[in-house]
Amino acid sequence: MLQISAIRNQKEAFIKALAKRNLDATEMIEAALALDEKRRATQTELDAIKAESNSLSREIGGLFKSNQQQKANVLKEKTSQLKEASKTLDQVLNDTIEDLSTLLYKIPNVPNALVPVGTSETDNEEVYREGEIPILGAHAVPHWELAKKYDIIDFELGNKITGAGFPVYKGKGARLQRALISYFLDKNTAAGYTEYQLPLLVNEASGFGTGQLPDKEGQMYFVGEDNLYLIPTAEVPATNIYRDSLLNESDLPIKLTGYTPCFRREAGSYGAHVRGLNRLHQFDKVEILRIEHPDKSYDALNEMVEHVKGILQELKLPYRILRLCGGDLGFTSALTYDFEVYSTAQERWLEISSVSNFETFQANRLKLRYKNSEGKNELAHTLNGSSLALPRVLAGILENYQTENGIDIPEVLIPYTGFKSI
RNA sequence: GGAGAAAUGGCAGAGCGGUCGAAUGCGGCAGUCUUGAAAACUGUUGAGGGUCACACCUCCGGGGGUUCGAAUCCCUCUUUCUCCGCCA
């Protein structure tokens, strides 16, 4: 969520920047500022009443000690009146704070200057492309057919056990998946990211901290019995490690990585483009996350992009990088780069990573701060990205590496799989 | 799952219902001393709101209550510890 103090200082700049999201925020911003004004006025008034009441209480204490009950009783009545007044004001204050928060939750992050103008994914700006798109023979088929042909992923079995979107990986398919996870984690730890194993269920406060709640709860599976949510991404438990914390400047940057399964309800998205591994309810992902000094977060973002590039180069997959336009940019992000791998048999690009800088947007909600060199507390910047999402990388490998007689394994993975082909 | 105990500042640990945002120790920071360091001594050291700056307000696990006044009393939730049971 945006900081009201920042909005106060540069209202026009916020409205102008948000316009890039094709959003006229004027009304919301004005309403927020009005509520902020009201909040502070109410707070001041309430403080004054409390101050008076406090000092009277102290006086009463003194009077009791010196056995002046009568005088004390007179003052008691006065404080009772003050109490009534403060109760009303307290209610007003709480309502105002709540209204303000509700409103602020609805305002998306301010896009970075680099974010291109646009309304949909077709307006995203391709900033980089690398890798040869292989020319496949007539034998080439999409990955779901390969999965069946070589008996490495069983979609029907998943239907039986759970339902659509929960595939079963077997034999070399399972091993290849595990190889990818290990390979990604090794690359990440080699780049200085500390490996974490995180809870797959989170409480309400965590869901709230990273912004899945209150608005997007429909995306998550919910365990009502214990009031817990299955994580839609490792970002949720990983970022919440640092909820409500005050770091030293020297602690920064914090770099961590974690592998987790991810669970997404994906309600309402069915059709041909969700076939096979393209869109699942449960999938594996390795995530990288950074907490940075505000001055360094964009360097960090570029570093993360370079890191993911390095992995795709090693896997020798054709990919491109998009800078998301205002219309496609996620609610909490200031700047996002999407990585897409080319699925040769499907003849389309598949998103396999999304690397974003959230600046202070998440940190503000999380109360994630650090003490700067002047001893003042400031919000840190948070960033995260996938490195990488497994199913679509797997789809890319299966399709791009298929031959007439089987599927080759990318060279860097062979030490992890223990076999050279499927 | 059952029974009991506890939750206080970076950590440890006091705290009678009334100048308690909180003793004391350790740690951190600054200074004195020292060629330098250590030791010793002195000072300083939580967060949020608010203000030009003060004042002032809030916070002793979370929420609610009693009271003129709550870290202190009551209710409730959460977490931790001990014992019993169950269990990969």
Side-chain angles (χ1 to χ4, degrees), chain A residues 1-9 32-101 103-104 197-209 213-214 223-229 237 240-252 254 261 291 360 362-380:
Chain A
M1 95 201 231
L2 295 173
Q3 297 172 79
I4 189 68
S5 54
I7 297 178
R8 228 185 276 154
N9 297 330
L33 287 174
L35 282 169
D36 178 49
E37 192 66 39
K38 186 178 173 192
R39 197 212 91 223
R40 284 184 295 158
T42 311
Q43 179 90 64
T44 307
E45 207 180 328
L46 180 63
D47 281 0
I49 290 178
K50 280 186 173 169
E52 197 182 342
S53 163
N54 284 346
S55 95
L56 282 176
S57 285
R58 241 171 275 147
E59 221 175 298
I60 292 171
L63 290 173
F64 268 120
K65 272 188 181 164
S66 53
N67 266 327
Q68 296 177 271
Q69 319 281 358
Q70 283 184 339
K71 274 191 181 175
N73 285 333
V74 175
L75 291 183
K76 264 195 191 181
E77 243 172 76
K78 223 175 177 178
T79 45
S80 297
Q81 284 169 16
L82 286 175
K83 207 181 171 185
E84 281 306 307
S86 77
K87 245 185 187 167
T88 319
L89 270 182
D90 203 43
Q91 188 62 46
V92 173
L93 181 65
N94 284 334
D95 289 350
T96 309
I97 289 172
E98 204 181 313
D99 290 349
L100 179 57
S101 307
L103 184 56
L104 284 176
Q197 279 196 17
L198 296 156
L200 306 182
L201 284 97
V202 294
N203 58 27
E204 218 166 26
S206 292
F208 192 80
L213 298 175
V223 184
E225 180 95 15
D226 295 295
N227 230 297
L228 298 171
Y229 296 84
N240 274 286
I241 294 172
Y242 292 98
R243 169 155 47 91
D244 282 322
S245 49
L246 182 57
L247 305 166
N248 293 315
E249 194 166 2
S250 58
D251 294 333
L252 304 176
I254 287 167
I291 296 167
T360 59
Q362 280 186 331
N364 188 214
R365 225 185 230 222
L366 290 162
K367 291 208 187 92
L368 164 46
R369 296 155 306 162
Y370 70 96
K371 203 174 268 298
N372 71 16
S373 46
E374 285 147 30
K376 287 222 170 188
N377 299 332
E378 279 190 280
L379 292 171

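From a predicted model like this one, the values you see are computed outputs, not experimental measurements. Only heavy atoms go into these numbers, but all of them, side chains included; no hydrogens, no water, no symmetry mates. Protein chains get the first letters and strands the later ones, always in sequence-line order, with residue 1 at the start of each.
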[X] [atom1] to [N] [atom2], straight-line distance once rounded to whole Å:
X      : N     : atom1 : atom2 : answer
A:R40  : B:C56 : CZ    : P     : 21 Å
A:Y370 : B:G10 : OH    : P     : 20 Å
A:I49  : B:C68 : CD1   : P     : 18 Å
A:R58  : B:G21 : CZ    : C1'   : 13 Å

Ignoring the backbone of [X], work out which of [options] is nearest its side chain.
X      : options             : answer
A:S57  : B:A47, B:C68, B:G50 : B:C68
A:T79  : B:G49, B:C68, B:G46 : B:C68
A:K83  : B:A47, B:G69, B:C57 : B:G69
A:R369 : B:C68, B:G50, B:G48 : B:G48
A:D47  : B:U51, B:C56, B:C68 : B:C56
A:L246 : B:U58, B:A47, B:C68 : B:A47

Are a donor atom and an acceptor atom from the side chains of A:T96 and A:D99 found within less than 3.5 Å of each other?
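No - no donor-acceptor pair under 3.5 Å links their side chains.
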[atom1]-based separation of [M] from [N] [nearest Å]:
N     : M     : atom1 : value
B:G48 : B:C60 : C1'   : 15 Å
B:G18 : B:U72 : P     : 12 Å
B:A7  : B:C75 : P     : 16 Å

Salt bridge or not between A:K87 and A:D90? Use side-chain N to carboxylate O under 4.0 Å.
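The answer is no: the pair does not qualify as a salt bridge.
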What is the base-pairing partner of [N], counting Watson-Crick and G-U wobble geometry with both distances under 3.5 Å?
N     : value
B:A14 : none
B:U51 : none
B:C59 : B:G46
B:A39 : none
B:A88 : none
B:A5  : B:U80
B:A23 : none
B:A71 : none

Within-4.5 Å side-chain heavy-atom neighbours: A:L368 and A:R243:
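Not touching, per the 4.5 Å side-chain cut-off.
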For a quick check of understanding: with a heavy-atom distance under 4.0 Å over all strands, which category does [X] fall into, base, sugar-phosphate or nothing?
X      : answer
A:K371 : sugar-phosphate
A:N73  : nothing
A:I60  : base

What about A:N377, does its side chain sit under 3.5 Å from the base of B:G48 through a donor-acceptor pair?
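It does not, because no donor-acceptor pair links the side chain of A:N377 to the base of B:G48 below 3.5 Å.
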Run the numbers on A:N94 and A:E98 for side-chain hydrogen bond (donor to acceptor under 3.5 Å, both in side chains), then give the verdict.
CA-CA 6 Å; A:N94 284 334; A:E98 204 181 313; over 6 Å; no
Check for a donor-acceptor pair, side chain of A:S57 on one end and backbone N or O of A:S53 on the other, with a separation under 3.5 Å.
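A pair under 3.5 Å: yes.
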Hey, what do you get for CG (A:L104) to CD1 (A:I7), rounding to the nearest 0.5 Å?
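The CG atom of A:L104 sits 5.5 Å away from the CD1 atom of A:I7.
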